Amino acid sequence: MADLLMQQLGEPRLYWGDASLNDITDLRKKYIDALHAADSEDYTELIKFVTT
């Protein structure tokens, strides 16, 4: 959904770590940690994850 919104806004697609999040990897851990922070209204790490 976020990718569709970004495209509608004329922005580039989100990066999403450029890998599969299905495998247990450091990348997946970073994503899960960022989601947990976002649950507490801290979106810094999630934004960093999807844009770098």
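This one's a predicted model, so the numbers in the text were calculated from it and none came from an experiment.
- Side-chain heavy atoms closer than 4.5 Å link hydrophobic residues (I, L, V, M, F, W, Y) into clusters, and following such links, possibly through other members, connects Leu27 to Ile32.
- Remark: Lys30 pairs with no residue by the salt bridge (charged side-chain N to carboxylate O under 4.0 Å, His left out) rule, at least two apart or across chains.
- For Asp26, the CG atom counts as loosely surrounded, since its 6.0 Å shell holds 12 or fewer non-hydrogen atoms of other residues, nucleotides or ligands.
- Placement of Tyr43 and Phe49 in two distinct hydrophobic clusters is found when ILVMFWY residues are connected by side-chain heavy-atom separations under 4.5 Å, directly or transitively.
- Taking every heavy atom of both residues into account, Leu46 and Ala38 meet most closely at CD2-CB, 4.1 Å.
- Annotation: side chain to side chain donor-acceptor pair (under 3.5 Å) contacts of Thr44 (sequence neighbours excluded): Asp42.
- In this structure, Glu45 CD and Tyr31 OH are separated by 14.0 Å, a value rounded to the nearest 0.5 Å.
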